[in-house]
Amino acid sequence: MLSSISYRTLRSTLGKLSTKPRYGLSSSSRSLFFGANPRIRPFSAESGEESLDVPPGMEAKELCAMRNSLPVTFADISRAHVAIKNGIKRTSCEKSYFLSELIGANIFLKTEFRQFTGSFKERGARNSLLQHLREQGDSFKTTGAIAASAGNHALAMAYHGQQLGIPITVVMPTVAPLAKVDKCRKFGARIIIEGAHIGEAKEFAETLVESEGLTYINGYDDPSIMAGAGTMGIEIIDEVPCVDVVVVPIGGAGLIAGVACAVKTLKPDVKVYGVEPKFCASFTAALQAGKPVPTDMTPTLADGLAVPVVGSHAFEVARHYVDETVLCSEKEISLAVLRLIENEKMVVEGGGASGLAALLPGGALDRPELKGKNIVVPLCGGNIDTTTLGRVIDRGLAADDRLCNFTATVSDRPGGIARLTELLFRENASIKDIYHERAWLHSNVDQVQVKCVVELQGKDHAKRLRTALRQAGYPLSWSNLDEEYD
């Protein structure tokens, strides 16, 4: 069986296989190569599933050859694993006691945010630069490479370009955080601010490829980038050999393509789930359409995953390996960031925490069949602005009913507000903000509306406070984030 083949033997076999025409997989053949699940890429976003057929009698070696014809193969990932191991950190895969108790499974956190530039992007960036250096020789150190990115890919390219002596040009949109722009500049990269979003920045970067002879490196769809990202999958199997499930965030799909390829090759029975934000579900849209298609985007806390069209190469690989794709809400993302800060003392950006968001109680992967399983969750990045982090924490507290907002109508006579604050004191509610409004209250002239933001201990505490306010006779409007209470 394939699962009993050693890593060294499998890498050698895949490296020698010739490219053959691509075939689909029947349920029986896929069971041989990938385990019991007969479906190529089932997914849950109201689109059903698709399975591909394979000629009867296909052997395991032929299946390997077919996989070897994809844009990225396990052989590519193996070569990348050797090439970059001295230039990146091998991040730990730590079991979380508190999150395991909360989720009801054994949760292992792959701490990719501890890379030098703060994200997994270093894996692909270094591998791609090394590959172009081998292909182009010293001339590559003269011409250099160019990338379009608003953050993590730009940082990874700038840092490893400096380490390898390769000049890097980064085109960043006007919305790029100033902190990331400054860091890229400190790494010696040439920074060009152009375009309102990453799409326009990419278009401008492509014009420089022709005019200046630069090599453009796509941050998620370049095969060498995907192969580098896939090295994380090798480390996951090595560090957690008992793994049952891997949950990976999806943006442009380069990371999940590489990780799923590596994990499914080394341990076919492992389930690989993808998670993307509801506000930019480009991979789900691609699965429904059968090809990458433009997707409507709404600003999201998972800004690193906000890619309007997934990469064509990444999609081609991922759709063959990923078992299911689910969506997560802004509320779930903010809660995931908060849980990591409070329980693990880890500061992770919204996109990097999206995998965990789907596993938390109430999330799309909060399922009976995953309880008790060994689940690895890559925390892909930690480059979150301080101001954004403050907003995300507040949203997480609000989603957790520990930060609540209400408006009460009180007497405008001396002592009116004092009686309200006395009630809040008795109910152990800490006032974070308070503001009273006279002009827009269309009732008695001797009344005033008081808007309060209070810190509480959770949902039960919030219910008790709301009940106490109503019993005291206060006309009340109570809201919490996106929920309106009676």
Side-chain angles (χ1 to χ4, degrees), residues 96 98-105 107 109 113 247 249 275-281 298-306 326-367 370 377 379-382 384-407 424 427-434 451-467 469 476-486:
S96 168
F98 295 105
L99 294 177
S100 297
E101 288 291 313
L102 179 65
I103 294 171
I107 303 298
L109 304 175
F113 65 93
V247 183
V275 182
E276 58 183 347
K278 290 180 180 179
F279 284 179
C280 188
T298 301
T300 170
L301 296 174
D303 57 338
L305 306 183
V326 299
L327 306 179
C328 62
S329 67
E330 299 298 288
K331 177 179 178 179
E332 291 162 350
I333 294 171
S334 61
L335 272 174
V337 173
L338 182 65
R339 295 285 182 263
L340 287 168
I341 291 173
E342 290 188 321
N343 296 321
E344 306 301 326
K345 307 303 180 284
M346 296 176 177
V347 178
V348 178
E349 61 188 89
S354 294
L356 177 63
L359 288 164
L360 291 176
L365 294 179
D366 181 22
R367 302 172 178 176
L370 296 183
V377 183
L379 303 178
C380 303
I384 183 169
D385 287 341
T386 306
T387 52
T388 302
L389 178 61
R391 292 196 295 269
V392 172
I393 290 174
D394 282 346
R395 289 195 177 197
L397 290 170
D400 213 19
D401 288 294
R402 291 156 60 191
L403 193 65
C404 295
N405 172 33
F406 68 88
T407 301
L424 296 177
E427 295 297 327
N428 293 318
S430 177
I431 300 173
K432 184 174 183 180
D433 194 13
I434 188 167
K451 299 179 181 179
C452 294
V453 177
V454 294
E455 294 178 344
L456 304 174
Q457 297 172 7
K459 184 173 291 187
D460 291 340
H461 191 189
K463 289 181 178 178
R464 290 198 303 271
L465 175 61
R466 185 175 52 172
T467 299
L469 287 167
L476 193 64
S477 174
W478 186 284
S479 63
N480 180 19
L481 197 61
D482 55 350
E483 297 182 4
E484 184 82 16
Y485 295 89
D486 296 331

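When reading the values below, keep in mind they use all heavy atoms of this one structure, side chains included, and skip hydrogens, waters and symmetry mates.
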Test item: [X] and [Y] side chains (from C-beta on) under 4.5 Å apart, heavy atoms:
X: Phe406; Y: Arg466; result: no
X: Pro361; Y: Leu102; result: yes
X: Val247; Y: Val275; result: yes
X: Asp303; Y: Thr388; result: no
X: Cys280; Y: Leu305; result: no
X: Leu365; Y: Leu370; result: yes
X: Leu456; Y: Val454; result: yes
X: Leu301; Y: Ser334; result: yes

Going through the checks in order, is the side chain to side chain contact (heavy atoms under 4.5 Å, CB included) test met by Met346 and Leu379?
-> CA-CA 10 Å; Met346 296 176 177; Leu379 303 178; 3.7 Å; yes

Please give me the minimum heavy-atom distance between [X] and [Y], naming the atom from each residue.
X: Ile384; Y: Val348; result: CD1-O, 4.5 Å
X: Ala353; Y: Leu340; result: CB-CD1, 3.9 Å
X: Ala281; Y: Leu327; result: CB-CD2, 3.7 Å

Look up atom [atom1] in [X] and atom [atom2] in [Y], then write down how far apart they are to the nearest 0.5 Å.
X: Trp478; Y: Thr407; atom1: CH2; atom2: OG1; value: 10.5 Å
X: Leu109; Y: Ile107; atom1: CG; atom2: CD1; value: 7.5 Å
X: Asn405; Y: Cys452; atom1: CG; atom2: SG; value: 8.5 Å
X: Arg367; Y: Leu359; atom1: CZ; atom2: CG; value: 9.5 Å
X: Leu465; Y: Asp460; atom1: CG; atom2: CG; value: 12.5 Å
X: Asp394; Y: Leu397; atom1: CG; atom2: CG; value: 6.0 Å

Within the side chain of His461, is there an N or O that forms a donor-acceptor pair under 3.5 Å with the backbone of Asp401?
-> no

Please confirm whether the backbone N or O of Ser329 pairs with a side-chain atom of Glu332, one donor and one acceptor, at under 3.5 Å?
-> yes

Side chain to side chain contact (heavy atoms under 4.5 Å, CB included) between Val337 and Leu356: does it pass, once the steps are laid out?
-> CA-CA 9 Å; Val337 173; Leu356 177 63; over 6 Å; no

Will you find, in the side chains of Glu276 and Ser354, an N or O donor that is under 3.5 Å from an N or O acceptor?
-> no

Would you mind telling me which of Leu335, Ile333, Thr300 makes a side-chain contact (heavy atoms from CB on, under 4.5 Å) with Cys328?
-> Ile333

Pairs involving residues 335-352, ordered by first then second residue, that meet salt bridge (charged side-chain N to carboxylate O under 4.0 Å, His left out) (sequence neighbours left out) | Arg339-Asp400, Glu342-Arg402

